[in-house]
Amino acid sequence: MATREVVTLQIGHYSNFVGAHWWNIQESSFIYDPKLAPAQKDIDHDILFREGKNLRGEVTYTPRLVAFDLKGSLNTLKQEGNLYDYRNQEEIQWTGDVTLHQEDGPKKNTYLVDLEKEEQGYMRDSAGSNNSQESIDDVEIKDAGNEVKEKKQKSGDAVMGSKFYDLDESVDVWSDYLRTYLHPKSIHIVEQYRHKSDLQPFDIYGCGQEVMLNYETRTDIEDRLHFFIEECDHLQGFQVLLDAFDGFGGLGSNILQHLEDEYSSKGIFTFALAPNNLPDNTPQNRANRILNSAISLSKCWSNSSLLVPMCLANSLWKTIGPAVQLPHLQYKSIDYHTSAILAATLDSVTSPYRQPALLHMRDLTDTFHSLGRKVASVSSSFPFPIDEDQFLVDSLMSLGDELPWVSLTPHVKNTVSPMMQSTVIRGIPNKITKRSVQDERSPNPFNNCDNVQDVLQVYLRERFPTSHSAGKVLQDPCKVVSPCPHVFKPNVNKNGFLSSTNRPDLQGVESVPVMTSLQITSDTAQLLHTLHTEATKLNIRKHHRYLDAGMEEDDYVEILGDIENLRRCYEQPSDMG
């Protein structure tokens with residue numbers, strides 16, 4: 001069966017935070033031993049990953065990814081990645097005096113140090129050393145504050161060592177926890193702007209537009225895209241992670257326009273991402289966030305097959321609302337934590353077109369954007385609340401009228417049944433699908449269910465009788481091993497199930513069951529209405545930087561009109577009068 005490739009774009013610093021977790025999650029599910037591989041795979045990793053060779057002839061497996069960020073945003077990661085050695089082999093001979101000025105580079109945190117040791121051990125093992133594993137395991141572990149603790153536990157006669165990483169204070173940028181190796185063509189750095197610069201901030205839509213006016217920059221971006229696209233045999237399309245709240249909105253909008261112009265037959269599935277700790281301390285910060293979002297989103301949905309805004313804040317426009325409460329999580333409003341939750345959700349939401357079956361990305365997106373509805377919402381149950389010995393049906397029915405998930409799209413509250421939804425549940429063993437009591441006198445629609453797929457379909461039909469619902473089941477849970485942050489409450493055991501006893505203090509959660517729902521719902525009208533209301537209050541003539549960057553007053557009025565027109569697409573027929 002031919003591989004149906006997808007190319008991923010990560011446009012913005014927070015999108016790279018989410019992407020780093022996403023690639024780590026996927027790599028954690030790789031099975032390297034053919035003897036352990038299941039007969040039927042849940043996910044075809046060749047859809048997002050490519051096989052190649054480095055300069056030493058060694059086989060590599062890297063994402064089909066182009067990631068965009070600013071100068072100074074990579075910390076210890078080299079722009080060309082770590083798989084290839086690009087050191088200049090030619091020495092320049094100089095007979096005069098030489099004065100060496102050396103500046104200490106950024107230091108790796110303990111996780112990256114251990115990752116480097118693991119890789120060195122692998123390299124020695126590949127070269128024929130019999131002591132590679134010993135060289136890794138027997139390294140003295142020095143005290144590194146709160147970053148790493150060692151826990152020894154007995155399992156029969158064997159003593160197993162495991163490390164509990166706490167990276168909350170040591171993660172500054174997304175590469176500080178990236179486990180997956182990237183291809184040298186993957187990272188494009190915007191050289192005109194520096195990360196976290198107060199002198200020349202990359203904070204308005206026009207900054208991104210300006211970047212794309214540079215011929216060399218535009219050529220380099222197109223070259224990186226063509227490298228990954230041209231090697232694809234059956235390209236499905238593009239999944240795009242985008243920061244729509246700052247200058248990357250302008251950069252991303254232009255890239256999406258290019259993709260739509262050049263590859264109009266392919267799917268473009270865009271996720272507009274935002275952290276819930278954006279600057280909100282001045283009226284200008286709030287105005288920039290609203291203006292950037294209004295302009296970016298209106299441009300993005302016109303050039304995307306489907307657009308999904310995602311953020312762990314309840315509201316996003318006028319003020320940053322309180323963080324979304326997920327019942328079994330205790331996360332902090334820091335990028336390292338919130339991006340992990342969004343990444344786990346994305347891993348499930350996108351799984352239908354990453355399975356070996358022949359569902360195409362366009363099959364999903366084209367079905368959803370009927371009648372002009374180009375914006376969808378996403379909800380997640382992370383982890384899905386079920387005890388280790390509980391029946392799936394009992395878990396679902398115990399919810400009563402409550403929904404099994406929480407909306408991760410701001411301003412969308414799930415108050416009405418969706419018009420259309422794609423639901424994914426994963427990590428639920430088939431042995432716990434049936435109810436413990438099957439002989440109840442009252443009719444039970446679940447009585448004839450024999451597996452998770454049956455239960456999911458019956459639940460969707462009974463709970464959302466007026467919705468067009470599709471359900472997918474993955475046997476494998478979502479992997480959340482290190483360096484995923486420790487965001488789970490103590491009553492979640494290491495396998496992600498709810499437990500009556502708390503897990504040990506220095507034990508992390510390794511995998512979790514997850515349930516997600518991608519939806520077209522009339523509640524999306526509230527998101528668009530709120531954005532339109534707040535954007536209308538802003539007089540574009542008073543925001544000179546936007547005008548200086550080329551925004552015309554008439555253009556802004558047209559954008560506001562586009563938002564209002566899209567909002568009307570989500571009105572139910574009874575609401576249209």
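Count residues from 1 along the sequence.
- Take Asp69 and apply the salt bridge (Lys or Arg N to Asp or Glu O under 4.0 Å) test, not counting sequence neighbours, and it matches no residue.
- To the nearest 0.5 Å, the span separating CD on Gln79 from CG on Leu74 amounts to 7.0 Å.
- Gln519 and Ser517 are linked by a side-chain donor-acceptor pair at a separation below 3.5 angstrom, with hydrogens and angles left out of the test.
- Open room surrounds OH on Tyr215; 12 or fewer heavy atoms of other groups in view lie less than 6.0 Å from it.
- No side-chain heavy atom of Cys207 sits less than 4.5 Å from a side-chain heavy atom of Leu251.
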**OP:** Would you sort out whether Phe382 and His328 count as a ring-ring contact (aromatic ring centres under 6.0 Å, His included), showing the intermediate values?
**Re:** CA-CA 8 Å; Phe382 177 73; His328 303 289; over 10 Å; no
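- Taken from CD1 in Ile255 to CD in Glu260, the straight-line distance is 14.5 Å, to the nearest 0.5 Å.
- Between Ile268 and Thr270, some side-chain heavy-atom pair lies under the 4.5 Å cut-off.
- Not counting sequence neighbours, Ser377 has no partner by the side chain to side chain donor-acceptor pair (under 3.5 Å) test.
- Checked by atom type, the side-chain pair Tyr165/Asp114 shows a donor-acceptor distance below 3.5 Å.
- Taking 4.0 Å as the cut-off between side-chain N and carboxylate O, Arg426 and Asp347 count as a salt-bridged pair.
- Counting heavy atoms of neighbouring residues, nucleotides and ligands inside a 6.0 Å radius, atom NZ of Lys299 does not exceed 12 of them.
- Sorted by first and then second residue, the salt bridge (Lys or Arg N to Asp or Glu O under 4.0 Å) pairs involving residues 15-31 (not counting sequence neighbours) are Glu27-Arg179.
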Please report, to 0.1 Å, the donor-acceptor pairs under 3.5 Å made by any side chain of residues 227-243, with sequence neighbours excluded.
unit_1 : atom_1 : unit_2 : atom_2 : d
Glu231 : OE1    : Arg50  : NE     : 3.4
Glu231 : OE1    : Arg50  : NH2    : 3.1
Glu231 : OE2    : Arg50  : NE     : 2.5
Gln236 : OE1    : Met361 : N      : 2.7
Gln236 : NE2    : Arg4   : O      : 2.8
Gln236 : NE2    : Tyr353 : O      : 3.1
Gln239 : OE1    : Tyr353 : OH     : 2.7
Gln239 : NE2    : Thr8   : OG1    : 3.0
Asp243 : OD1    : Ser15  : N      : 3.0
Asp243 : OD1    : Ser15  : OG     : 2.7
Asp243 : OD2    : His13  : N      : 3.0
Asp243 : OD2    : Tyr14  : N      : 3.0

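- Once rounded to the nearest 0.5 Å, the distance linking NZ of Lys41 with CG of Asp46 reads 6.0 Å.
- Below 30°, between 30° and 60°, or above 60°: for Tyr263 and His258 the angle between ring planes is above 60°, a perpendicular geometry.
- A salt bridge (Lys or Arg N to Asp or Glu O under 4.0 Å) with Asp172 is found for one member of Lys107, Lys108, Lys196 and no other, namely Lys196.
- In this structure, Leu167 CG and Thr110 OG1 are separated by 7.5 Å, a value rounded to the nearest 0.5 Å.
- Atoms CG and OG, on Leu70 and Ser197 in that order, are 9.5 Å from each other to the nearest 0.5 Å.
- With sequence neighbours left out, the side chain to side chain donor-acceptor pair (under 3.5 Å) criterion links Ser186 to no other residue.
- Legend: residues meeting side chain to side chain donor-acceptor pair (under 3.5 Å) with Asp198, ordered by chain and number and at least two apart, are absent.
- Atoms CD and CG, on Gln209 and Leu213 in that order, are 7.5 Å from each other to the nearest 0.5 Å.
- Defined by atom type and a distance below 3.5 Å, a donor-acceptor pair is missing between the side-chain atoms of Gln475 and Asp42.
- Asp168 and His337 share a donor-acceptor pair across their side chains, judged by distance under 3.5 Å alone.
- A side-chain contact (heavy atoms from CB on, under 4.5 Å) with Phe384 is found for exactly one of Ile428, Val514, Thr516, namely Ile428.
- When only modelled atom types and interatomic distance are considered, Asn75 and Asp176 share a side-chain donor-acceptor pair under 3.5 Å.
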